Amino acid sequence: MRWSDNSHPSGSGQERAMVNQSSPGGFLLLGFSAHPRLERILFVVVLISYLLTLMGNTLIILLSVLNPRLHSPMYFFLSNLSFLDLCFTTSCVPQMLVNLWGPKKTISFLGCSVQLFIFLFLGTTECILLTVMAFDRYVAVCQPLHYATIIHPRLCWRLAAVAWVIGLVESVVQTPPTLQLPFCSHRQVDDFLCEVPALIRLSCGDTTYNEIQMAIASVFILVVPLSLILVSYGVIARAVIRINSEKGQRKVFGTCSSHLTVVTLFYSSVIAVYLQPKNPYAQERGKFFSLFYAVGTPLLNPLIYTLRNKEVKRAFRRLLGKARDSRKS
(Lines give C-alpha, C1' and ligand atoms only; values in the text may rest on other atoms or scores of the structure.)
Protein backbone atom coordinates (compact mmCIF):
# COMPACT_ATOMS: atom_id res chain seq x y z
CA MET A 1 0.00 0.00 0.00
CA ARG A 2 1.05 3.63 -0.43
CA TRP A 3 1.58 5.91 2.53
CA SER A 4 0.92 9.61 2.53
CA ASP A 5 3.94 11.83 2.04
CA ASN A 6 2.84 13.78 5.11
CA SER A 7 3.48 10.81 7.32
CA HIS A 8 4.85 12.56 10.37
CA PRO A 9 2.11 13.14 12.95
CA SER A 10 3.30 16.62 13.83
CA GLY A 11 3.62 18.05 10.29
CA SER A 12 2.30 21.61 10.07
CA GLY A 13 0.56 21.13 6.70
CA GLN A 14 -0.69 17.65 7.51
CA GLU A 15 -4.23 16.81 6.63
CA ARG A 16 -5.88 15.58 9.84
CA ALA A 17 -8.08 13.14 7.99
CA MET A 18 -10.17 10.70 9.91
CA VAL A 19 -9.89 7.10 8.70
CA ASN A 20 -12.24 4.58 10.26
CA GLN A 21 -11.97 0.84 10.65
CA SER A 22 -13.46 0.08 7.26
CA SER A 23 -10.36 1.40 5.51
CA PRO A 24 -8.35 -1.27 3.66
CA GLY A 25 -5.13 0.29 4.95
CA GLY A 26 -2.96 -0.94 7.80
CA PHE A 27 -0.66 0.64 10.33
CA LEU A 28 3.01 1.54 10.73
CA LEU A 29 4.55 0.09 13.88
CA LEU A 30 7.33 2.58 14.61
CA GLY A 31 8.98 0.83 17.56
CA PHE A 32 12.61 1.98 17.64
CA SER A 33 12.78 2.84 13.93
CA ALA A 34 14.66 6.03 14.80
CA HIS A 35 17.52 3.84 16.12
CA PRO A 36 18.48 1.28 13.40
CA ARG A 37 21.49 -0.10 15.31
CA LEU A 38 19.37 -0.70 18.39
CA GLU A 39 16.83 -2.51 16.22
CA ARG A 40 19.46 -4.97 14.96
CA ILE A 41 20.57 -5.68 18.54
CA LEU A 42 16.97 -6.11 19.65
CA PHE A 43 16.32 -8.46 16.74
CA VAL A 44 19.00 -10.86 17.98
CA VAL A 45 17.88 -10.55 21.61
CA VAL A 46 14.19 -11.07 20.78
CA LEU A 47 14.90 -14.02 18.46
CA ILE A 48 17.03 -15.84 21.03
CA SER A 49 14.52 -15.03 23.78
CA TYR A 50 11.65 -16.35 21.67
CA LEU A 51 13.40 -19.64 20.91
CA LEU A 52 14.26 -20.12 24.60
CA THR A 53 10.68 -19.24 25.54
CA LEU A 54 9.34 -21.94 23.22
CA MET A 55 11.77 -24.49 24.64
CA GLY A 56 11.30 -23.57 28.31
CA ASN A 57 7.51 -23.39 28.37
CA THR A 58 7.12 -26.53 26.23
CA LEU A 59 9.40 -28.34 28.68
CA ILE A 60 7.28 -27.23 31.66
CA ILE A 61 4.11 -28.53 29.95
CA LEU A 62 5.75 -31.86 29.06
CA LEU A 63 7.09 -32.37 32.58
CA SER A 64 3.70 -31.54 34.12
CA VAL A 65 1.94 -34.04 31.83
CA LEU A 66 4.47 -36.88 31.76
CA ASN A 67 5.64 -36.94 35.38
CA PRO A 68 3.02 -38.36 37.82
CA ARG A 69 4.65 -36.54 40.75
CA LEU A 70 3.78 -33.24 39.11
CA HIS A 71 0.08 -34.10 38.77
CA SER A 72 -0.92 -31.55 41.40
CA PRO A 73 -2.91 -28.28 41.35
CA MET A 74 0.24 -26.14 41.46
CA TYR A 75 1.68 -27.71 38.31
CA PHE A 76 -1.71 -27.80 36.61
CA PHE A 77 -1.88 -24.02 36.93
CA LEU A 78 1.78 -23.71 35.98
CA SER A 79 1.20 -25.68 32.77
CA ASN A 80 -1.73 -23.35 32.00
CA LEU A 81 0.60 -20.39 32.49
CA SER A 82 3.23 -21.95 30.23
CA PHE A 83 0.68 -22.65 27.48
CA LEU A 84 -0.59 -19.08 27.82
CA ASP A 85 2.95 -17.69 27.52
CA LEU A 86 3.56 -19.75 24.38
CA CYS A 87 0.44 -18.27 22.76
CA PHE A 88 1.22 -14.80 24.14
CA THR A 89 4.66 -14.51 22.57
CA THR A 90 3.68 -16.24 19.32
CA SER A 91 0.90 -13.68 18.80
CA CYS A 92 3.36 -10.79 18.62
CA VAL A 93 7.03 -11.84 18.35
CA PRO A 94 7.05 -13.00 14.67
CA GLN A 95 5.62 -9.63 13.57
CA MET A 96 8.06 -7.87 15.89
CA LEU A 97 11.02 -9.71 14.34
CA VAL A 98 9.92 -8.72 10.84
CA ASN A 99 9.67 -5.07 11.90
CA LEU A 100 13.03 -5.08 13.69
CA TRP A 101 14.95 -6.72 10.83
CA GLY A 102 13.97 -4.68 7.80
CA PRO A 103 12.51 -1.37 6.66
CA LYS A 104 9.01 -2.84 6.28
CA LYS A 105 7.15 -2.02 9.47
CA THR A 106 3.58 -2.31 8.30
CA ILE A 107 0.84 -4.46 9.72
CA SER A 108 -2.54 -4.92 8.07
CA PHE A 109 -5.72 -3.77 9.77
CA LEU A 110 -6.79 -7.41 10.14
CA GLY A 111 -3.39 -8.37 11.54
CA CYS A 112 -3.53 -5.51 14.03
CA SER A 113 -7.08 -6.47 15.03
CA VAL A 114 -6.13 -10.10 15.65
CA GLN A 115 -3.00 -9.12 17.56
CA LEU A 116 -4.95 -6.68 19.76
CA PHE A 117 -7.68 -9.25 20.47
CA ILE A 118 -5.25 -12.04 21.36
CA PHE A 119 -3.03 -9.73 23.41
CA LEU A 120 -5.96 -8.46 25.50
CA PHE A 121 -7.36 -11.97 25.84
CA LEU A 122 -4.14 -13.60 27.01
CA GLY A 123 -2.90 -10.64 29.05
CA THR A 124 -6.13 -10.52 31.05
CA THR A 125 -6.13 -14.30 31.46
CA GLU A 126 -2.61 -14.18 32.89
CA CYS A 127 -3.64 -11.54 35.45
CA ILE A 128 -6.48 -13.76 36.68
CA LEU A 129 -4.43 -16.96 36.49
CA LEU A 130 -1.67 -15.47 38.66
CA THR A 131 -4.36 -14.57 41.22
CA VAL A 132 -5.68 -18.15 41.15
CA MET A 133 -2.14 -19.43 41.71
CA ALA A 134 -1.79 -17.10 44.71
CA PHE A 135 -5.01 -18.58 46.15
CA ASP A 136 -3.57 -22.06 45.62
CA ARG A 137 -0.42 -21.11 47.56
CA TYR A 138 -2.52 -19.52 50.32
CA VAL A 139 -4.50 -22.74 50.87
CA ALA A 140 -1.32 -24.87 50.67
CA VAL A 141 0.43 -22.84 53.37
CA CYS A 142 -2.40 -21.69 55.63
CA GLN A 143 -4.67 -24.77 55.43
CA PRO A 144 -2.36 -27.67 54.54
CA LEU A 145 -4.53 -30.34 56.18
CA HIS A 146 -7.54 -29.36 54.06
CA TYR A 147 -5.60 -28.60 50.86
CA ALA A 148 -6.58 -31.80 49.02
CA THR A 149 -10.26 -31.36 49.82
CA ILE A 150 -10.37 -27.63 48.97
CA ILE A 151 -8.18 -27.57 45.85
CA HIS A 152 -9.62 -30.66 44.19
CA PRO A 153 -9.26 -31.37 40.44
CA ARG A 154 -12.76 -30.17 39.56
CA LEU A 155 -12.14 -26.82 41.26
CA CYS A 156 -8.79 -26.49 39.44
CA TRP A 157 -10.50 -26.91 36.07
CA ARG A 158 -13.21 -24.43 37.05
CA LEU A 159 -10.74 -21.80 38.25
CA ALA A 160 -8.64 -22.17 35.09
CA ALA A 161 -11.79 -21.93 32.95
CA VAL A 162 -12.87 -18.78 34.82
CA ALA A 163 -9.50 -17.17 34.11
CA TRP A 164 -9.72 -17.95 30.37
CA VAL A 165 -13.38 -16.86 30.12
CA ILE A 166 -12.72 -13.53 31.89
CA GLY A 167 -9.84 -12.91 29.49
CA LEU A 168 -12.07 -13.66 26.50
CA VAL A 169 -14.88 -11.40 27.77
CA GLU A 170 -12.47 -8.52 28.43
CA SER A 171 -11.07 -8.80 24.92
CA VAL A 172 -14.52 -9.00 23.32
CA VAL A 173 -15.63 -5.90 25.25
CA GLN A 174 -12.56 -3.71 24.70
CA THR A 175 -11.31 -4.65 21.22
CA PRO A 176 -14.22 -3.37 19.05
CA PRO A 177 -14.40 0.16 20.58
CA THR A 178 -10.63 0.52 20.19
CA LEU A 179 -10.69 -0.51 16.53
CA GLN A 180 -13.66 1.78 15.82
CA LEU A 181 -11.67 4.89 16.78
CA PRO A 182 -11.22 7.50 14.03
CA PHE A 183 -7.51 7.04 13.36
CA CYS A 184 -5.36 9.85 11.99
CA SER A 185 -4.30 9.53 8.35
CA HIS A 186 -0.60 8.97 9.13
CA ARG A 187 -1.49 5.71 10.96
CA GLN A 188 1.81 5.59 12.80
CA VAL A 189 1.55 3.45 15.94
CA ASP A 190 4.33 4.56 18.28
CA ASP A 191 4.93 1.07 19.65
CA PHE A 192 6.01 -2.47 18.73
CA LEU A 193 2.49 -3.82 19.06
CA CYS A 194 -1.14 -2.98 18.45
CA GLU A 195 -2.01 -2.20 22.06
CA VAL A 196 -4.90 -0.19 23.47
CA PRO A 197 -2.84 2.78 24.78
CA ALA A 198 -0.91 3.13 21.49
CA LEU A 199 -4.08 2.98 19.36
CA ILE A 200 -5.83 5.52 21.58
CA ARG A 201 -2.89 7.89 21.06
CA LEU A 202 -3.26 7.36 17.30
CA SER A 203 -6.87 8.59 17.29
CA CYS A 204 -7.68 12.08 15.99
CA GLY A 205 -11.14 12.07 17.58
CA ASP A 206 -12.60 12.07 21.07
CA THR A 207 -11.18 9.17 23.09
CA THR A 208 -12.89 9.93 26.41
CA TYR A 209 -15.04 6.79 26.30
CA ASN A 210 -12.07 4.57 25.44
CA GLU A 211 -9.91 6.08 28.17
CA ILE A 212 -12.66 5.59 30.75
CA GLN A 213 -13.14 2.02 29.57
CA MET A 214 -9.39 1.35 29.82
CA ALA A 215 -9.28 2.89 33.32
CA ILE A 216 -12.17 0.73 34.52
CA ALA A 217 -10.61 -2.37 32.95
CA SER A 218 -7.27 -1.54 34.60
CA VAL A 219 -8.95 -1.43 38.01
CA PHE A 220 -10.74 -4.77 37.62
CA ILE A 221 -7.99 -6.58 35.70
CA LEU A 222 -4.85 -5.12 37.31
CA VAL A 223 -5.55 -3.42 40.63
CA VAL A 224 -8.13 -5.85 42.09
CA PRO A 225 -6.21 -9.07 41.23
CA LEU A 226 -2.92 -7.56 42.43
CA SER A 227 -4.59 -6.49 45.69
CA LEU A 228 -5.91 -10.03 46.22
CA ILE A 229 -2.44 -11.45 45.58
CA LEU A 230 -0.86 -9.05 48.08
CA VAL A 231 -3.50 -9.88 50.70
CA SER A 232 -2.89 -13.61 50.14
CA TYR A 233 0.85 -13.20 50.63
CA GLY A 234 0.28 -11.00 53.66
CA VAL A 235 -1.65 -13.87 55.29
CA ILE A 236 1.01 -16.34 54.12
CA ALA A 237 3.75 -14.17 55.68
CA ARG A 238 1.91 -14.22 59.02
CA ALA A 239 1.63 -18.00 58.81
CA VAL A 240 5.33 -18.36 58.02
CA ILE A 241 6.31 -16.26 61.05
CA ARG A 242 4.39 -18.68 63.28
CA ILE A 243 6.38 -21.66 61.99
CA ASN A 244 8.99 -22.55 64.60
CA SER A 245 11.17 -24.65 62.32
CA GLU A 246 13.65 -22.77 60.14
CA LYS A 247 13.54 -25.66 57.68
CA GLY A 248 9.77 -25.32 57.47
CA GLN A 249 10.05 -21.60 56.81
CA ARG A 250 12.55 -22.19 54.00
CA LYS A 251 10.27 -24.80 52.46
CA VAL A 252 7.30 -22.42 52.44
CA PHE A 253 9.45 -19.61 51.09
CA GLY A 254 10.71 -21.89 48.33
CA THR A 255 7.18 -22.80 47.21
CA CYS A 256 5.97 -19.19 47.16
CA SER A 257 9.02 -17.20 46.06
CA SER A 258 8.85 -18.35 42.42
CA HIS A 259 5.24 -17.26 42.02
CA LEU A 260 5.86 -13.98 43.85
CA THR A 261 8.81 -13.21 41.55
CA VAL A 262 6.71 -13.90 38.44
CA VAL A 263 3.90 -11.68 39.79
CA THR A 264 6.35 -8.84 40.48
CA LEU A 265 7.89 -8.96 37.00
CA PHE A 266 4.58 -9.24 35.16
CA TYR A 267 2.51 -6.69 37.06
CA SER A 268 5.26 -4.08 37.30
CA SER A 269 5.77 -4.07 33.52
CA VAL A 270 2.03 -4.14 32.67
CA ILE A 271 1.22 -1.33 35.11
CA ALA A 272 4.08 0.72 33.66
CA VAL A 273 2.47 0.41 30.20
CA TYR A 274 -1.23 0.80 30.98
CA LEU A 275 -1.02 3.33 33.82
CA GLN A 276 1.80 5.51 32.46
CA PRO A 277 1.46 9.33 32.39
CA LYS A 278 0.90 11.14 29.10
CA ASN A 279 4.29 12.54 28.11
CA PRO A 280 6.88 11.67 25.42
CA TYR A 281 9.43 10.36 27.93
CA ALA A 282 6.89 7.97 29.48
CA GLN A 283 5.84 6.73 26.02
CA GLU A 284 9.44 6.00 25.02
CA ARG A 285 10.06 4.22 28.31
CA GLY A 286 6.77 2.36 27.85
CA LYS A 287 8.15 0.72 24.70
CA PHE A 288 10.81 -1.06 26.76
CA PHE A 289 8.19 -2.23 29.26
CA SER A 290 5.99 -3.46 26.39
CA LEU A 291 8.97 -5.35 25.00
CA PHE A 292 9.74 -6.81 28.42
CA TYR A 293 6.30 -8.14 29.26
CA ALA A 294 5.78 -9.42 25.70
CA VAL A 295 9.17 -11.16 25.46
CA GLY A 296 10.93 -11.06 28.84
CA THR A 297 8.33 -12.42 31.26
CA PRO A 298 7.37 -15.47 29.13
CA LEU A 299 11.10 -16.26 28.92
CA LEU A 300 11.78 -15.80 32.64
CA ASN A 301 8.71 -17.67 33.95
CA PRO A 302 9.97 -21.22 33.17
CA LEU A 303 13.50 -20.29 34.27
CA ILE A 304 12.24 -18.98 37.63
CA TYR A 305 10.09 -22.04 38.30
CA THR A 306 12.79 -24.46 37.12
CA LEU A 307 15.75 -22.94 38.96
CA ARG A 308 13.89 -22.52 42.26
CA ASN A 309 11.91 -25.75 42.25
CA LYS A 310 13.52 -29.04 43.24
CA GLU A 311 10.59 -31.14 42.01
CA VAL A 312 10.82 -29.68 38.51
CA LYS A 313 14.59 -30.25 38.50
CA ARG A 314 14.10 -33.89 39.54
CA ALA A 315 11.42 -34.40 36.90
CA PHE A 316 13.74 -32.94 34.27
CA ARG A 317 16.60 -35.25 35.33
CA ARG A 318 14.26 -38.27 35.14
CA LEU A 319 13.13 -37.22 31.68
CA LEU A 320 16.77 -36.93 30.56
CA GLY A 321 17.54 -40.30 32.14
CA LYS A 322 14.69 -41.98 30.27
CA ALA A 323 15.87 -40.40 27.03
CA ARG A 324 19.39 -41.74 27.57
CA ASP A 325 18.11 -45.22 28.44
CA SER A 326 15.96 -45.34 25.31
CA ARG A 327 18.97 -44.38 23.20
CA LYS A 328 21.11 -47.13 24.75
CA SER A 329 18.44 -49.75 24.22
Side-chain angles (χ1 to χ4, degrees), residues 1-35 39 91-92 95-96 98-100 103-121 123-124 170-219 221-222 270-291 293-294:
M1 63 171 292
R2 293 182 61 187
W3 296 95
S4 171
D5 291 335
N6 299 322
S7 60
H8 195 279
S10 60
S12 57
Q14 177 187 356
E15 178 187 0
R16 307 297 288 179
M18 312 287 258
V19 187
N20 63 22
Q21 78 279 7
S22 63
S23 171
F27 299 93
L28 276 171
L29 297 175
L30 296 181
F32 289 104
S33 56
H35 309 283
E39 283 191 319
S91 70
C92 62
Q95 177 70 45
M96 191 184 298
V98 171
N99 292 350
L100 288 171
K104 184 182 178 182
K105 303 185 184 301
T106 59
I107 183 171
S108 66
F109 182 85
L110 178 60
C112 185
S113 304
V114 172
Q115 189 180 84
L116 176 65
F117 183 87
I118 295 176
F119 219 66
L120 280 173
F121 172 31
T124 302
E170 161 62 14
S171 187
V172 168
V173 169
Q174 197 162 1
T175 300
T178 304
L179 295 174
Q180 289 168 1
L181 283 168
F183 298 119
C184 298
S185 59
H186 59 78
R187 286 183 169 254
Q188 294 181 356
V189 179
D190 194 17
D191 208 334
F192 292 100
L193 313 163
C194 288
E195 288 189 282
V196 175
L199 291 175
I200 288 178
R201 290 195 300 268
L202 181 61
S203 175
C204 287
D206 184 15
T207 60
T208 303
Y209 171 77
N210 300 82
E211 291 178 3
I212 292 174
Q213 187 185 49
M214 188 174 70
I216 294 173
S218 297
V219 171
I221 304 302
L222 293 176
V270 172
I271 288 174
V273 172
Y274 281 85
L275 300 181
Q276 63 178 316
K278 292 183 178 180
N279 62 69
Y281 172 73
Q283 291 179 17
E284 195 70 16
R285 185 182 57 187
K287 294 180 187 179
F288 286 101
F289 285 112
S290 294
L291 186 66
Y293 86 79

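Sequence positions, counted from 1, serve as the residue numbers for this chain. Computed from a predicted structure; not experimentally measured.
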Contacts table for residues 114-121: side-chain donor-acceptor under 3.5 angstrom, sequence neighbours left out:
unit_1: Q115; atom_1: OE1; unit_2: C194; atom_2: N; d: 2.8

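- At distances below 3.5 Å, not a single donor-acceptor pair connects side-chain atoms of T207 with backbone N or O atoms of N210.
- Using a 4.5 Å heavy-atom cutoff, the side chains of V189 and L30 are not in contact.
- Atom CG of D191 is separated from atom CG of L202 by 11.5 Å, given to the nearest 0.5 angstrom.
- Atom CD1 of residue I200 and atom CD of residue E195 lie 11.0 Å apart, to the nearest 0.5 angstrom.
- Side-chain atoms of V173 and Q213, non-hydrogen and from C-beta on, do get closer than 4.5 Å to each other.
- When side chains are defined from C-beta on, F192 counts as touching L291, because their heavy atoms get closer than 4.5 Å.
- At distances below 3.5 Å, at least one donor-acceptor pair connects side-chain atoms of R187 with backbone N or O atoms of G26.
- Separating the CZ atom in R201 from the CZ atom in F183 is a distance of 12.5 Å, to the nearest 0.5 Å.
- Between the NE2 atom of H186 and the CG atom of L28 there is a distance of 10.0 Å, given to the nearest 0.5 Å.
- Once rounded to the nearest 0.5 Å, the distance linking CG of L199 with CG of D190 reads 11.5 Å.
- Contact annotation: the side chain of C184 never approaches that of S203 to less than 4.5 Å [non-hydrogen atoms, C-beta and beyond].
- Interatomic distance, CG of L110 versus OG of S113, reported as 6.0 Å (0.5 Å rounding).
- In this structure, F289 and I271 have side chains that are not in contact, with every pair of non-hydrogen atoms separated by 4.5 Å or more.
- Here E39 pairs with K105 in a salt bridge; the nearest charged N to carboxylate O distance falls below 4.0 Å.
- Here the side chains of P177 and Y209 are in contact, with some heavy-atom distance below 4.5 Å.
- A donor-acceptor pair under 3.5 Å is formed between the side chain of Q95 and the backbone N or O of T106.
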